[in-house]
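First up is the structure itself, then whatever we jot down about it.
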Amino acid sequence: MNYRAEIDGLRALAVLPVMFFHAGFELFSGGFIGVDIFFVISGYLITSLIMSEITLGKFSIINFYERRARRLLPALFLVMTACLPFAWFWLTPSDLKDFGQSLISTATFSSNIHFWWERGYFGSALELKPLLHSWSLAVEEQYYIVFPIFLAMTWQLGIKKITTILLIVFVISLSLAHFSSVYGVFDRIKTGSFYLIPTRVWEILIGVFIALHLKNIQESISCKFNQGLSLLGFSMIIYSIIFFDGHTPFPSLYTLLPTIGTALVIISAKPNTIIYKILNKKWLVFLGLISYSTYLWHQPIFAFTRHKLGNEVSELYFVVLSLLSILLGYVSWKWVEKPFREKNRISRKEIFIFSISGMFLFIILGSVTSLSNGFLSKYSKIEQGIYQE
């Protein structure tokens with residue numbers, strides 16, 4: 001598939017609000033919807049790639065997982081490794097034990113289940129969790145364990161039948177999400193709606209539907225109509241960022257606003273439209289290129305700062321921390337993400353050995369940290385008594 005710079009611009013529009021939401025800026029009270037934008041983009045891009053390879057007879061499950069490993073794991077492992085010394089020196093035993101458990105769940109792409117079982121997403125204590133944001137990676141990877149196999153096995157049925165099957169899944173998932181978030185009696189149900197894949201898969205499927213049918217949509221929409229639809233979609237995203245907040249049931253029918261808005265931008269932001277020109281700004285495209293690494297860095301930086309300085313950190317301080325996240329995002333992208341994607345530098349065998357070794361290492365580190373109760377024994381008897389109160 002051809003590179004679309006405006007998609008990277010859209011990624012920037014996703015990562016910045018998430019970062020500013022976690023920083024606590026009131027203007028970005030709905031910035032958490034950036035994750036939903038990422039879900040739609042991911043569904044569109046990866047489905048487009050799989051379809052292209054299936055059509056050419058070049059699709060391979062092994063190749064697919066190799067690309068995912070190259071794309072996700074090197075930068076993720078770098079950030080997890082960078083967290084270790086700060087966790088050791090700055091976290092209390094109980095927080096360190098919790099961090100150890102999150103190391104295990106992040107390494108195994110099950111952190112959405114881990115954080116669901118703990119508590120919600122909008123509580124103040126969640127601001128102190130360095131790897132909280134890894135839940136969204138877990139959702140995506142759980143989905144991509146199944147979806148490529150499904151698409152490869154059903155491709156001969158044709159686009160219409162595949163779409164029908166996925167539409168059924170979409171309706172069930174969206175219905176479950178809405179009723180769990182709006183009418184859920186127990187907090188565990190509402191929290192599960194936020195974190196778990198059965199109530200999130202419909203968002204990724206919006207991107208899948210775009211990929212399955214984008215060619216026909218492109219041919220049937222006029223230039224003026226693209227202008228209007230792209231402006232509408234962009235406005236829907238901006239409205240969600242500004243006016244949604246922690247009291248908005250999520251995910252639910254409300255989530256259709258940013259996700260459908262994202263779909264409209266992907267479909268309609270064509271050359272000569274205003275939104276296309278905005279999203280193709282060099283600085284936005286650049287931020288989109290480094291958005292994954294920036295996303296990985298921002299939450300640990302914010303969380304450890306709050307652990308060290310308390311929750312009363314000024315907004316100016318968080319502006320500086322946000323810039324630091326972008327800087328480290330660039331460093332990770334330049335010297336970690338890009339090199340690991342080059343097959344002539346790192347072979348398939350090497351990337352799989354690296355991935356499996358890294359996963360086992362963090363599982364071991366996390367297990368030791370958790371089982372030792374956050375290395376409680378390194379403190380004096382008096383200190384142990386205080387921490388255990």
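Keep in mind it's a predicted model, so treat the numbers as computed, not measured.
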Notebook entry, point to check: Are Val15 and Val285 joined in one hydrophobic group, where the rule is that I, L, V, M, F, W and Y side chains link up if heavy atoms are under 4.5 Å apart?
Noted result: yes
Notebook entry, point to check: Can you check whether Leu205 reaches Phe39 side chain to side chain, under 4.5 Å on heavy atoms?
Noted result: no
Next item on the list: Starting at NE2 of His307, measure out to CG of Leu128 and round the result to the nearest 0.5 Å.
Entry: 4.5 Å
Note to self: Please verify the inter-ring angle class for Phe147 with Tyr144; under 30° counts as parallel, over 60° as perpendicular, anything in between as tilted.
What the structure shows: perpendicular
Next item on the list: Show your reasoning for whether salt bridge (Lys or Arg N to Asp or Glu O under 4.0 Å) applies to Arg200 and Asp36.
Entry: CA-CA 9 Å; Arg200 286 289 187 170; Asp36 307 277; 2.6 Å; yes
Next item on the list: Could you go through the side-chain hydrogen bond (donor to acceptor under 3.5 Å, both in side chains) check for Ser293 and Glu337 one step at a time?
Entry: CA-CA 8 Å; Ser293 282; Glu337 281 193 62; 2.5 Å; yes
Check: Is any side-chain heavy atom of Tyr292 closer than 4.5 Å to a side-chain heavy atom of Leu72?
Finding: yes
Next item on the list: Examine Leu84 and Phe86 and state if one hydrophobic cluster contains both, with Ile, Leu, Val, Met, Phe, Trp and Tyr joined whenever side-chain heavy atoms are less than 4.5 Å apart.
Entry: yes
Item checked: Ile204 and Val40, any side-chain heavy atoms less than 4.5 Å apart -> no
Check: Distance only, no hydrogens: is a donor on one side chain within 3.5 Å (strictly under) of an acceptor on the other, for Glu140 and Ser42?
Finding: yes
Item checked: Geometric class of the Phe244/Tyr254 ring pair [parallel <30°, tilted 30-60°, perpendicular >60°] -> perpendicular
Item checked: Within the 6.0 Å centroid threshold, strictly below: Phe302 and His298 -> yes
Checklist line | Shortest non-hydrogen contact from Trp202 toward Ala177 | finding: NE1-CB, 3.8 Å
Check: Same cluster for Ile237 and Tyr276 if Ile/Leu/Val/Met/Phe/Trp/Tyr side chains link at under 4.5 Å?
Finding: no
Next item on the list: Show the numbers, then the answer: is there a side-chain hydrogen bond (donor to acceptor under 3.5 Å, both in side chains) between Tyr3 and Asp8?
Entry: CA-CA 9 Å; Tyr3 172 67; Asp8 276 322; 2.6 Å; yes
Margin query: Let me confirm one number: the CG-CD1 distance from Leu16 to Ile326, rounded to the nearest 0.5 Å.
Written below: 6.0 Å
Notebook entry, point to check: Can you say whether the rings of Trp90 and Phe304 are parallel (under 30°), tilted (30 to 60°) or perpendicular (over 60°)?
Noted result: perpendicular
Note to self: Is there a side chain to side chain contact (heavy atoms under 4.5 Å, CB included) between Leu376 and Ser372? Walk through the geometry before answering.
What the structure shows: CA-CA 7 Å; Leu376 183 64; Ser372 66; over 6 Å; no
Next item on the list: For Ser181 and Ser193, test the side chains for any donor-to-acceptor distance below 3.5 angstrom and give the result as yes or no.
Entry: yes
Note to self: Whether the Lys97 and Asn373 side chains hold a donor-acceptor pair (N or O, under 3.5 Å, no angle test) is what I'd like checked.
What the structure shows: yes
Note to self: Does Phe25 form a ring-ring contact (aromatic ring centres under 6.0 Å, His included) with Phe20? I'd like the steps, not just the answer.
What the structure shows: CA-CA 6 Å; Phe25 298 151; Phe20 296 152; 5.7 Å; yes
Check: Can Lys270 and Glu6 be counted as an ion pair, charged N to O under 4.0 angstrom?
Finding: no
Check: Taking all non-hydrogen atoms of both residues, which atom of Ile351 and which atom of Pro74 are closest, and how far apart?
Finding: CD1-CG, 4.5 Å
Check: Between Phe89, Phe99, Trp88, which is the residue that forms a ring pair (Phe, Tyr, Trp, His ring centres under 6.0 Å) with Phe375?
Finding: Trp88
Note to self: Walk me through whether Glu53 and Arg67 qualify under salt bridge (Lys or Arg N to Asp or Glu O under 4.0 Å).
What the structure shows: CA-CA 13 Å; Glu53 292 186 344; Arg67 282 196 303 269; 2.9 Å; yes
Notebook entry, point to check: Does some side-chain heavy atom of Ile301 sit less than 4.5 Å from a side-chain heavy atom of Leu328?
Noted result: yes
Next item on the list: Answer with yes or no whether the hydrophobic clustering places Phe209 together with Ile165; edges join I, L, V, M, F, W, Y residues whose side-chain heavy atoms lie under 4.5 Å apart.
Entry: yes
Notebook entry, point to check: Any side-chain donor paired with an acceptor under 3.5 Å for Tyr65 and Arg70?
Noted result: no
Next item on the list: Measure the spacing between CG of Leu131 and OG of Ser102 and express it to the nearest 0.5 Å.
Entry: 4.5 Å
Checklist line | Thr259 side chain near Met236 side chain, heavy-atom distance below 4.5 Å | finding: no
Next item on the list: State the CG-CG distance between Leu327 and Leu321, to the nearest 0.5 angstrom.
Entry: 12.0 Å
Next item on the list: Kindly indicate, with the supporting measurements, whether the criterion side chain to side chain contact (heavy atoms under 4.5 Å, CB included) is fulfilled by Met19 and Gln299.
Entry: CA-CA 8 Å; Met19 188 161 57; Gln299 177 63 17; over 6 Å; no
Check: Just by distance, do the side chain of Ser370 and the backbone of Ser367 share a donor-acceptor pair under 3.5 Å?
Finding: no
Notebook entry, point to check: Which atom names give the shortest non-hydrogen contact between Ile113 and Gln142, and what distance separates them?
Noted result: CD1-NE2, 4.4 Å
Next item on the list: May I have the step-by-step check of side-chain hydrogen bond (donor to acceptor under 3.5 Å, both in side chains) for Arg11 and Tyr295, ending in yes or no?
Entry: CA-CA 11 Å; Arg11 279 196 177 110; Tyr295 178 77; over 6 Å; no
Notebook entry, point to check: Closest heavy-atom contact between Leu137 and Phe109?
Noted result: O-CD2, 4.0 Å
Next item on the list: Test side chain to side chain contact (heavy atoms under 4.5 Å, CB included) on Leu253 and Leu174 and set out the steps.
Entry: CA-CA 7 Å; Leu253 293 177; Leu174 176 56; 4.0 Å; yes
Notebook entry, point to check: Cut-off 3.5 Å, side chains only: do Ser134 and Thr106 have a donor facing an acceptor?
Noted result: yes
Item checked: Salt-bridge present (Glu127, Arg306; N to O < 4.0 Å) -> yes
Note to self: Testing the basics here: between Pro198 and Val201, what is the closest heavy-atom pair and its distance to 0.1 Å?
What the structure shows: O-CG1, 3.9 Å
Notebook entry, point to check: Under the ring-ring contact (aromatic ring centres under 6.0 Å, His included) criterion, do Tyr330 and Phe286 qualify, and how do the steps go?
Noted result: CA-CA 9 Å; Tyr330 170 74; Phe286 169 74; 5.8 Å; yes
Next item on the list: Can you measure from CG (Leu157) to OG1 (Thr164) and round to the nearest 0.5 angstrom?
Entry: 10.0 Å
Next item on the list: Please round to the nearest 0.5 Å and tell me the distance separating atom CE of Met80 and atom CG of Leu365.
Entry: 9.0 Å
Checklist line | Joint cluster assignment, Leu309 & Val320, ILVMFWY side-chain distance < 4.5 Å | finding: no
Notebook entry, point to check: Does the pair Trp116 and Phe194 meet the rule for a ring-ring contact (aromatic ring centres under 6.0 Å, His included), with working shown?
Noted result: CA-CA 8 Å; Trp116 162 62; Phe194 188 93; over 10 Å; no
Next item on the list: Give me the one residue out of Tyr195, Phe32, Trp117 that meets ring pair (Phe, Tyr, Trp, His ring centres under 6.0 Å) with Trp135.
Entry: Tyr195
Next item on the list: For the residue pair Phe77 and Phe354, categorise the inter-ring angle as parallel (less than 30°), tilted (30 to 60°) or perpendicular (more than 60°).
Entry: tilted
Next item on the list: Compare every heavy atom of Thr369 with every heavy atom of Leu96, then report the nearest pair and how far apart it is.
Entry: O-CG2, 3.2 Å
Next item on the list: Verify side chain to side chain contact (heavy atoms under 4.5 Å, CB included) between Leu27 and Ile241, making sure each step is shown before the conclusion.
Entry: CA-CA 8 Å; Leu27 181 62; Ile241 291 171; over 6 Å; no
